Amino acid sequence: MTTPASAPDHESTAAPVEPHRVLVLNSGSSSVKYQLLDMRDRSRLASGLVERIGEETSRLVHTPLTGGGEPRERTGRMADHDAALKAAAEELTADGLGLDSPELAAIGHRVVHGGLRFTAPTVITDEVLKEIERLVPVAPLHNPANITGIRTAQALRPDLPQVAVFDTAFHTTMPEAAARYAIDVETADAHRIRRYGFHGTSHAYVSRKTAELLGKAPEDVNVIVLHLGNGASASAVAGGRCVETSMGLTPLEGLVMGTRSGDIDPAVTFHLKRVAGMSADEIDVLLNKRSGLVGLCGDNDMREIRRRIDEGDEQAALAFDIYIHRLKKYIGAYAAVLGRVDAVAFTAGVGENSAPVREAAIAGLEEFGLAVDAGLNAQRSGEPRLISPEYARAAVAVVPTDEELEIADQTFALVAPDAVQVDN
């Protein structure tokens, strides 16, 4: 066989690799969650969790998600987020997925609070970081940790685009009538007091997936999304835009949650100060850490609460009834806000896995066109699915949330807008 005498050099040179990976970071006060995704097919390459940062018992669990790799664990003190992220980077490198790879297009960061300025994913600059810092007073538990994660990632890859995806952004479409509290306007504006909402990446993802499940475009669908985990929130989404949500200035407002009270008469705080002599910090701990389901019955795990109910535990039954009553009240309120409801979508840990919660929340709402098929509701699946009977005027859906994928999608769309993706 004759070999061509001379081939142009460029034919024998491999084409440069287009960056197509996104690392998603979710930095908490003492933890870092991460996922690395290949955005060509939106597949996961690796995931991990570093917890108890700053303690002697720090722990990293890293899971390769291709090639059948087994989870790997390392323990021992990781002094700070810098040490935690460097440890995670070492695990990724061991899988051939190092942060120095030319295939890495960007790092996407979950940032809890973006105020009114950040209504979309944003490339992080010094000015953006300063604004996130200025929002710390309205997100004192979350934004500082998010900032730490951003700075650490910037130090590891200063040449790479770092993108902030804000929990609050999806809710910035709320009309002023929904977002404003009825307090003195000057005081509210001076201290940025208004309803911001949270879990926005989840509500965005689930509302869009629900429309897809119905075979419709998001702009043609009105959805009530119920994100029910240890933290819980509801949203009314009209044609792809949030018009109401249950969380407010902080994640404390709204539904009954695992340890948070949700809606409460604000005068309760004055009463506790005057009568019980509690300080502002003590009341804060009470409402955020010792209320909700755990305050009502001592458990915040819905599986344990249901087990206790089955054994005749009246306190657990009352906690469940209070939880459902609040949930049902929000469904009705949001049906009124939307005018027309095409679907109610359950998501997150409780919403995806607790058939009794879904059944109880929808029971009695037949006049709203809502119903649950007992057989469909009892089935377990990791896929989006309808659990309403065919005759129901509005759909009831279970849609597993994927906040990491939503962050990766928004990040990649911002840094590589012309890239072609294939949904997996």
Side-chain angles (χ1 to χ4, degrees), residues 10-28 31-53 58-110 121 123-124 148-165 382 402-424:
H10 69 268
E11 289 187 4
S12 61
T13 302
V17 175
E18 288 292 330
H20 55 267
R21 295 176 183 165
V22 171
L23 177 65
V24 175
L25 292 180
N26 183 351
S27 300
S31 67
V32 174
K33 296 178 185 177
Y34 62 90
Q35 284 196 13
L36 183 67
L37 296 94
D38 185 330
M39 301 312 295
R40 293 175 298 186
D41 60 2
R42 301 165 84 230
S43 62
R44 287 165 173 77
L45 303 174
S47 69
L49 167 65
V50 189
E51 56 186 350
R52 299 192 290 272
I53 295 171
S58 301
R59 174 172 174 262
L60 183 155
V61 179
H62 174 88
T63 305
L65 297 174
T66 59
E70 293 294 321
R72 302 192 295 270
E73 182 175 328
R74 62 164 82 177
T75 57
R77 179 176 171 79
M78 297 181 204
D80 50 28
H81 285 69
D82 181 65
L85 275 179
K86 284 179 178 175
E90 289 170 4
E91 295 296 333
L92 288 166
T93 297
D95 295 331
L97 302 169
L99 298 192
D100 58 350
S101 170
E103 296 177 81
L104 189 60
I107 299 177
H109 298 265
R110 179 199 180 208
V123 173
I124 299 168
T148 299
I150 290 168
R151 285 181 171 150
T152 302
Q154 286 178 327
L156 288 173
R157 279 299 303 268
D159 60 311
L160 202 65
Q162 311 268 340
V163 175
V165 178
D402 198 332
E403 294 175 87
E404 289 79 14
L405 179 57
E406 181 70 15
I407 291 169
D409 277 341
Q410 292 190 29
T411 296
F412 196 62
L414 186 62
V415 301
D418 298 325
V420 176
Q421 291 174 266
V422 179
D423 202 344
N424 57 353

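Being a predicted model, the structure only gives us computed values, none of them experimental.
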Intermediate values then yes/no, side-chain contact (heavy atoms from CB on, under 4.5 Å), I107 and V22: CA-CA 6 Å; I107 299 177; V22 171; over 6 Å; no
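- The line from CD1 of I407 to CG of N26 is 6.5 Å long, rounded to the nearest 0.5 Å.
- Residues that satisfy the ring-ring contact (aromatic ring centres under 6.0 Å, His included) test with H20, not counting sequence neighbours, are absent from this structure.
- To the nearest 0.5 Å, atom OH of residue Y34 and atom CG of residue L85 are 9.5 Å apart.
- Using a cutoff of 4.0 Å between basic side-chain nitrogens and carboxylate oxygens, D82 and K86 are scored as salt-bridged.
- Considering only residues two or more places apart in sequence or on other chains, D95 meets the side chain to side chain contact (heavy atoms under 4.5 Å, CB included) condition with H62, P64, R72, L97.
- Across all non-hydrogen atoms, the minimal contact from H109 to I124 is CD2-CD1, 4.0 Å.
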Evaluate the side-chain contact (heavy atoms from CB on, under 4.5 Å) criterion for residues R59 and R52: first the C-alpha distance (whole Å), next the side-chain angles of each, then the deciding distance (0.1 Å), finally the verdict. CA-CA 7 Å; R59 174 172 174 262; R52 299 192 290 272; 3.8 Å; yes
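- The line from OG of S47 to CG of L65 is 4.5 Å long, rounded to the nearest 0.5 Å.
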Decide side-chain contact (heavy atoms from CB on, under 4.5 Å) for T411 and V165; before the verdict, give the C-alpha distance in whole Å, the side-chain angles of both, and the deciding distance to 0.1 Å. CA-CA 7 Å; T411 296; V165 178; 3.8 Å; yes
For R42 and D402, run salt bridge (charged side-chain N to carboxylate O under 4.0 Å, His left out): C-alpha distance rounded to whole Å, both residues' side-chain angles, the deciding distance at 0.1 Å, then the answer. CA-CA 12 Å; R42 301 165 84 230; D402 198 332; over 6 Å; no
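- Among all heavy-atom pairs drawn from V61 and P71, the shortest one is CG1-CB, 4.5 Å.
- Between D409 and M39 the shortest side-chain heavy-atom distance falls below 4.5 Å.
- Put simply, the side chain of L60 does not reach to within 4.5 Å of the side chain of E73, judged on heavy atoms.
- Ion pairing between R40 and E18 fails under the 4.0 Å rule for side-chain N and carboxylate O.
- Taking E403 as the reference, nothing meets the salt bridge (Lys or Arg N to Asp or Glu O under 4.0 Å) condition, with sequence neighbours excluded.
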From CA spacing to verdict: salt bridge (charged side-chain N to carboxylate O under 4.0 Å, His left out), E406, R110: CA-CA 10 Å; E406 181 70 15; R110 179 199 180 208; over 6 Å; no
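- Of the possible polar contacts, none joining the S58 side chain to the R77 backbone as a donor-acceptor pair under 3.5 Å is found.
- For R157, the side chain to side chain donor-acceptor pair (under 3.5 Å) criterion is met by D159, not counting sequence neighbours.
- Among all heavy-atom pairs drawn from A155 and P158, the shortest one is O-CD, 3.6 Å.
- Listed by chain and residue number, nothing satisfies the side chain to side chain donor-acceptor pair (under 3.5 Å) test with E404 (two or more places apart in sequence, or in another chain).
- For the residue pair L37 and A408, the shortest heavy atom distance occurs at CD1-CB, 3.9 Å.
- Between V32 and S27, the closest heavy-atom pair is CG2-OG, 4.1 Å.
- The CZ atom of R21 sits 12.0 Å away from the CZ atom of F412 when rounded to the nearest 0.5 Å.
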When you look at K33 and V24, which way does the side-chain contact (heavy atoms from CB on, under 4.5 Å) test go after all the steps? CA-CA 8 Å; K33 296 178 185 177; V24 175; over 6 Å; no
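- Between the CG atom in L49 and the OG1 atom in T63 there is a gap of 9.5 Å [rounded to 0.5 Å].
- In this structure, CG on L99 lies 8.5 Å from CG on L160, to the nearest 0.5 angstrom.
- For residues 71-92, there are no ring pair (Phe, Tyr, Trp, His ring centres under 6.0 Å) pairs, not counting sequence neighbours.
- Across all their heavy atoms, A105 and P161 have their closest contact at O-CD, 3.5 Å.
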